[in-house]
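Just so it is clear, the structure is predicted and the values come from calculations on it, not from any experiment.
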Amino acid sequence: IAQTYFRGGAGATAQPVRNVSLPRLSTWPTTPSAARSVQRLRSAIARDRLHHAYLLSGPDEGASVELALALTMALNCRVAEGEGCGSCTDCDRIMARAYPDLLIPTREGASQQVPIETIREQVVAAMGMPPHEARMRVVLIEEATSLAPPAANALLKTLEEPPARTMFVLCSTAPEQILPTIRSRCQRLLLSGTRVDATAPALAQLAERVADLPDDEHARGQLVSAVCEEKGTPAIILTAAASRLAERARQWASSQPVAARTAAIRGQALLAVARSLSLHNAHPQLTVEAALIEQARIAALEPAFATPLA
């Protein structure tokens, strides 16, 4: 962005001083895995050819959510339209998930699913009204496979008849598990490139170790070092571990409800840490160490989860 400054007081003829090239403000992810998707979204915004629904998929849920939030800022930032400045009031609230026109259905219960009641109350009910202040309201589903079947069908009806000034962004690490009718109504963007594959044997083994959580403090310290050994992998490993815990929660929901609840809470905590690593450039060693301490604390509270609420 080039900007010219002028010299001269009141009544004087303005004289140009110099041309200054200012850095272009932007909140779009710069990782190689997101480059192609960012290019397509920028082009769609510039040509006013945005689709009403996008499906962002890739091995890292945090990366997909990061792109979804960047898109929301690009659409609604008043400082850097089409880019997002990352520092204005609107961008701050979007990043904090406190923006009134950013709707993120919450996951509930031991299986961490989005029930139909949540879709009806948090999404469908809002569709009859225009956005509060946004140019484009965004409905963000952070993991589309977490939609319970009735909730997915309720969302499908809204996708079939989308209201004006509303965009749906679905993120998923397993898009093949989403209803085909939902996938067909979304434009799919794949985050791939050079990003590390969480299914690689070494990383998958580390994710399993995090999900199993060593009892011994020394063993946990060794695990922290192993997770942080390679740059860029901690968030991916923690996300994969969270996926394993979510799967265990689903499997144990009926037979072992207390263990299922513990696994679900641990998975949610790991996802929050993974997002912090992906979005806020947190210190990997300190963050992972704190995360495993928190995991041990949650695991120690498991007996309390069996106590009925008063």
Original post:
Does I116 share a hydrophobic cluster with V114, counting links as ILVMFWY side-chain heavy atoms below 4.5 Å and allowing steps through other members?
Top reply: no
Original post:
Between the side chain of R183 and the main-chain N/O of E176, is any donor-acceptor distance below 3.5 Å?
Top reply: yes
**OP:** Find the distance between CG (L223) and CD (Q295) and round it off to the nearest 0.5 Å.
**Re:** 10.5 Å
Original post:
Do the side chains of I119 and L147 get nearer than 4.5 Å, heavy atoms only?
Top reply: yes
Original post:
Salt bridge between R42 and E83, side-chain N to carboxylate O under 4.0 Å?
Top reply: yes
**OP:** Kindly indicate, with the supporting measurements, whether the criterion side chain to side chain contact (heavy atoms under 4.5 Å, CB included) is fulfilled by L102 and I104.
**Re:** CA-CA 6 Å; L102 173 61; I104 307 178; 4.0 Å; yes
Subject >> side chain to side chain donor-acceptor pair (under 3.5 Å) against S43, all qualifying residues, sequence neighbours excluded >> reply: R47
**OP:** Before giving the answer on side chain to side chain contact (heavy atoms under 4.5 Å, CB included), spell out for R137 and M167 the whole-Å C-alpha distance, their side-chain angles and the decisive distance to 0.1 Å.
**Re:** CA-CA 6 Å; R137 172 171 50 201; M167 177 183 292; over 6 Å; no
Subject >> L179-V124 co-clustered via ILVMFWY side chain contacts under 4.5 Å >> reply: yes
Original post:
Heavy atoms, side chains only, cut-off 4.5 Å: are T118 and T106 in contact?
Top reply: yes
Original post:
What is the distance from atom CZ of R209 to atom CD1 of I237, rounded to the nearest 0.5 Å?
Top reply: 10.0 Å
Original post:
Within a radius of less than 6.0 Å around CZ of R36, do more than 12 heavy atoms belonging to other residues, nucleotides or ligands occur?
Top reply: no
Original post:
Side-chain heavy atoms under 4.5 angstrom apart, residues restricted to Ile, Leu, Val, Met, Phe, Trp, Tyr: same cluster for L203 and L245?
Top reply: yes
Original post:
Closest approach of L103 and P100, non-hydrogen atoms and distance?
Top reply: CD2-O, 3.7 Å
Original post:
Would you find a donor on one side and an acceptor on the other, under 3.5 Å apart, between the side chain of H283 and the backbone of L286?
Top reply: yes
Original post:
Under the 3.5 angstrom rule, does the side chain of S146 hit a backbone N or O of R107 as a donor-acceptor pair?
Top reply: no
**OP:** Determine yes or no for a side-chain-to-main-chain donor-acceptor pair under 3.5 angstrom, with H52 supplying the side chain and L159 the backbone.
**Re:** yes
Original post:
So which heavy atom on G82 is nearest to which on I45, and how close?
Top reply: CA-CG2, 4.1 Å
Original post:
Can you check whether P149's main-chain N or O pairs, donor with acceptor, with N153's side chain at less than 3.5 Å?
Top reply: yes
Subject >> Atom pair CH2 (W28) and CG (L41), whose distance is rounded to the nearest 0.5 Å >> reply: 4.5 Å
Subject >> Residue list, side chain to side chain donor-acceptor pair (under 3.5 Å) with Q285, at least two apart or on another chain >> reply: none
Original post:
Mind checking what makes salt bridge (Lys or Arg N to Asp or Glu O under 4.0 Å) contact with E108, not counting sequence neighbours?
Top reply: none
Subject >> Side-chain heavy-atom pair C85, T27 within 4.5 angstrom cut-off >> reply: no
**OP:** Please report the C-alpha distance between V227 and V210 in whole Å, then the side-chain angles of each, then the deciding distance to 0.1 Å, and finally whether the side chain to side chain contact (heavy atoms under 4.5 Å, CB included) criterion is met.
**Re:** CA-CA 9 Å; V227 168; V210 172; 4.0 Å; yes
Subject >> Test item: R97 and E142 side chains (from C-beta on) under 4.5 Å apart, heavy atoms >> reply: yes
Original post:
Atom CG of L189 and atom CG of L67: how far apart are they, to the nearest 0.5 Å?
Top reply: 7.0 Å
**OP:** For the pair T166 (side chain) and A164 (backbone), establish whether a donor and an acceptor sit closer than 3.5 Å, ignoring hydrogens and angles.
**Re:** yes
Original post:
Salt-bridged, R93 to E133, with N to O below 4.0 Å?
Top reply: yes
**OP:** Search all heavy atoms of I178 against all heavy atoms of A144 and return the closest pair with its distance.
**Re:** CD1-CB, 3.5 Å
**OP:** Return the minimal non-hydrogen interatomic distance between P284 and P234, and the atom names on each side.
**Re:** CB-CG, 4.2 Å
Original post:
Short question: side chain of R220, backbone of P214 - any donor-acceptor pair under 3.5 Å?
Top reply: yes
Original post:
Would one find more than 12 heavy atoms of other residues, nucleotides or ligands at under 6.0 Å from atom CD of Q187?
Top reply: yes
**OP:** Please determine, by modelled atom types, if S172 and E143 share a side-chain donor-acceptor pair under 3.5 angstrom.
**Re:** yes
Original post:
Looking at residues at least two apart in the chain, or sitting in another chain, which of them share a salt bridge (Lys or Arg N to Asp or Glu O under 4.0 Å) with R297?
Top reply: E294
**OP:** Check whether any side-chain N or O of D101 sits under 3.5 Å from a backbone N or O of P131 as a donor-acceptor pair, and report yes or no.
**Re:** no
Subject >> Heavy atoms from other residues, nucleotides or ligands near CG of D216 exceed 12 (cutoff 6.0 Å) >> reply: yes
Original post:
Quick check: are there more than 12 heavy atoms from other residues, nucleotides or ligands sitting under 6.0 Å from CZ of R120?
Top reply: no
Original post:
Heavy-atom distance under 4.5 Å between the side chains of V273 and V288, does that happen here?
Top reply: no
Original post:
Between C77 and C88, is any pair of side-chain heavy atoms under 4.5 Å apart?
Top reply: yes
Subject >> Where A259 and E302 come nearest, the two heavy atoms and their spacing >> reply: CA-OE2, 3.9 Å
**OP:** State plainly whether one hydrophobic cluster holds both L271 and I298, where clusters connect Ile, Leu, Val, Met, Phe, Trp and Tyr through side-chain heavy atoms under 4.5 angstrom apart.
**Re:** no
Original post:
Given the rule that I, L, V, M, F, W and Y join up when any side-chain heavy atoms are under 4.5 Å apart, are V65 and L155 in one cluster?
Top reply: no
Original post:
Is there a side-chain contact between L140 and F168, using heavy atoms and a 4.5 Å cut-off?
Top reply: no
**OP:** Spell out, as yes or no, whether a donor-acceptor pair under 3.5 Å connects the side chain of N76 to the backbone of M136.
**Re:** yes
Original post:
With sequence neighbours excluded, what pairs up with E247 under the salt bridge (Lys or Arg N to Asp or Glu O under 4.0 Å) test?
Top reply: R250
**OP:** With side chain to side chain contact (heavy atoms under 4.5 Å, CB included) as the test, would you mind laying out the steps for I141 and V139 before giving the verdict?
**Re:** CA-CA 7 Å; I141 311 294; V139 179; 4.3 Å; yes
Original post:
R248 side chain to S243 main-chain N or O, any donor-acceptor pair under 3.5 Å?
Top reply: no
Original post:
Can you name the closest pair of heavy atoms from T239 and A274 and give their distance?
Top reply: OG1-CB, 3.3 Å
Original post:
Does the side chain of L75 come within less than 4.5 Å of R135's, by heavy atoms?
Top reply: no
Subject >> Sequence-distant partners of E161, salt bridge (Lys or Arg N to Asp or Glu O under 4.0 Å), two or more places apart >> reply: none
Subject >> Between CE on residue M95 and OG on residue S87, distance to nearest 0.5 Å >> reply: 11.5 Å
Original post:
Roughly how far, to the nearest 0.5 Å, is CZ of R188 from CG of L170?
Top reply: 12.0 Å
Subject >> Exceeds 12 heavy-atom contacts within 6.0 angstrom, atom CD of Q251 >> reply: yes
